[in-house]
Amino acid sequence: MIKKKWQQELSEMQLTERQKLNLKQTVDRSKRPKRQTNWSIVIAPIFVFTAVFILYLFTNDVIVSPPNQASSPVLENFEREQLAEDIRRGKHVAIISLLLIINGVFFTIVFFTMKRWQKPKVLQLRKTVYKLRYLLIAISPFIVYAIGSLIQMFEVDIQWLKLSIFMLILILQIVLLLYFARNTTGEVCCPHCRHSYSKKEQIKIVCKLKMELRCPTCNEKLFYTKKYRQIIGGLSMLTSPTIIFSSSFDLPITLTILCLAFYVLTMFFVVMPLYLELTEKEEFLF
């Protein structure tokens, strides 16, 4: 119907036969716009995850049986302590499952939308994951369920569960920062000579933490942009509560230091270079 209407309008136009023929050939040769891949469908497991997570809580709820009147007080205390331990472990497993779901969803979004990750291997992996999306959606809930079941089966110590929760919280912060930086291209240039900085040079600039920098090529002065310094200030405000918050997990000091070292190093070497911007003039915050 549309084609007939278009041909009728074309015949009414005051064009020569040659012009009409050229116009028809141009339209016929033109390709329809390529359909963009709908990466959002890969994020669908969040709904399946949530449903299985709720079912997991219901099916693994500890049934409290009435105490046996003939049992001794020592046995009753042991049963109560065991019951409290099972409930505590179940709560930790629930938190771990929820953090795995949230981390998985945000990392999937970052993986498919990060502009910096344009290497052929990454693009090929994206296409492969997209082709297998239905299979991944089907098996992902069982993976989360299997992790929770194994923790319950082997009765993993509460200390290790706390460590897992703490690490997943740190990873969630990093993944969220990657999520907000996914639209950055990663191109950092000198505003004077247009020298493009490599990843190693960007990391060196970030680690210097100086207000005044020098370009290695033209030796001109460089400054951090106002936006970048505001972001760094926000990251500093995020890091301090995290360090203070770590004490509430009652982890050994060695494990706490290792976790925080991983967190700080990832911030410096992975997250902060994503937001790096340079300018030729110093920009004041206020």
Side-chain angles (χ1 to χ4, degrees), residues 33-53 56 94-148 150 163-188 196-203 206 227-228 231-232 234-235 238-239 242 259 261-277:
K34 187 177 179 181
R35 185 180 179 183
Q36 294 184 351
T37 307
N38 184 15
W39 298 116
S40 61
I41 195 171
V42 188
I43 316 301
I46 184 173
F47 301 105
V48 186
F49 277 147
T50 307
V52 174
F53 173 67
Y56 176 82
I95 296 172
I96 290 173
S97 301
L98 185 60
L99 288 172
L100 285 173
I101 294 169
I102 298 173
N103 275 306
V105 169
F106 278 104
F107 181 77
T108 305
I109 298 173
V110 170
F111 175 72
F112 284 108
T113 57
M114 179 66 79
K115 287 187 176 181
R116 287 193 173 196
W117 299 346
Q118 297 296 327
K119 294 183 178 180
K121 291 183 179 180
V122 176
L123 297 177
Q124 185 62 35
L125 184 59
R126 285 177 177 176
K127 292 180 181 179
T128 304
V129 173
Y130 185 76
K131 289 179 182 178
L132 301 175
R133 61 189 182 277
Y134 296 115
L135 176 62
L136 295 175
I137 291 173
I139 66 174
S140 296
F142 296 99
I143 294 175
V144 176
Y145 182 83
I147 292 173
L150 289 174
L163 176 62
S164 301
I165 293 172
F166 183 54
M167 283 298 299
L168 286 172
I169 291 174
L170 297 182
I171 293 173
L172 177 60
Q173 293 184 24
I174 295 169
V175 172
L176 285 174
L177 293 172
L178 294 177
Y179 171 80
F180 289 112
R182 69 189 188 279
N183 292 323
T184 58
T185 58
E187 296 179 359
V188 181
S196 181
Y197 294 101
S198 63
K199 291 183 179 180
K200 291 183 179 179
E201 290 175 330
Q202 292 178 26
I203 293 173
V206 167
K227 180 181 177 181
Y228 176 73
I231 293 173
I232 296 303
L235 293 180
L238 180 66
T239 305
T242 303
C259 293
F262 160 78
Y263 177 72
V264 173
L265 291 175
T266 306
M267 284 289 184
F268 272 96
F269 291 100
V270 178
V271 175
M272 290 171 63
L274 296 176
Y275 295 93
L276 180 62
E277 292 180 355

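The structure displayed is predicted, hence computed values, not measured ones. The residues of the chain are indexed from 1 along the displayed sequence.
Checking side-chain atoms of R126 against main-chain N and O of L123 turns up no donor-acceptor pair under 3.5 Å.
Of all the heavy atoms in I171 and N103, the pair that sits closest is C-OD1, 3.7 Å. Across all non-hydrogen atoms, the minimal contact from T113 to R182 is OG1-CD, 3.0 Å.
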List the steps and the verdict of side chain to side chain contact (heavy atoms under 4.5 Å, CB included) for E201 and V188. CA-CA 10 Å; E201 290 175 330; V188 181; over 6 Å; no
Chi angles and distances behind the side chain to side chain contact (heavy atoms under 4.5 Å, CB included) call for V270, L178: CA-CA 9 Å; V270 178; L178 294 177; 4.2 Å; yes
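Atom-to-atom distance recorded for Q124:CD and T128:OG1 is 4.5 Å, nearest 0.5 angstrom. With rounding to the nearest 0.5 angstrom, the CE atom of M114 is 6.0 Å from the OG1 atom of T184. Rounding to the nearest 0.5 Å gives a distance of 11.0 Å between CD1 of I203 and CE of M272. Considering CD1 of I165 and CG of L172, their distance stands at 13.0 Å, rounded to 0.5 Å.
Applying the side-chain contact (heavy atoms from CB on, under 4.5 Å) test to L125 and every residue at least two apart in sequence or in another chain returns F111, V129. Contacts of Y263 classified as side chain to side chain donor-acceptor pair (under 3.5 Å), with partners at least two apart in sequence or in another chain: Q173. Partners of L163 by side-chain contact (heavy atoms from CB on, under 4.5 Å), not counting sequence neighbours, listed by chain and number: W160, M167, L251, L255, C259. Contacts of S196 classified as side-chain contact (heavy atoms from CB on, under 4.5 Å), with partners at least two apart in sequence or in another chain: C189. Qualifying side-chain contact (heavy atoms from CB on, under 4.5 Å) partners for I231, counting only residues two or more places apart in sequence or in other chains: K227, L235, Y275.
Residue E187 qualifies as open at atom CD: its count of foreign heavy atoms under 6.0 Å is 12 or below.
Residue Y179 forms a ring-ring contact (aromatic ring centres under 6.0 Å, His included) with just one option from F107, F112, F106, and that option is F106.
Sorted by first and then second residue, the side chain to side chain donor-acceptor pair (under 3.5 Å) pairs with a member in residues 265-274 form an empty list; sequence neighbours excluded.
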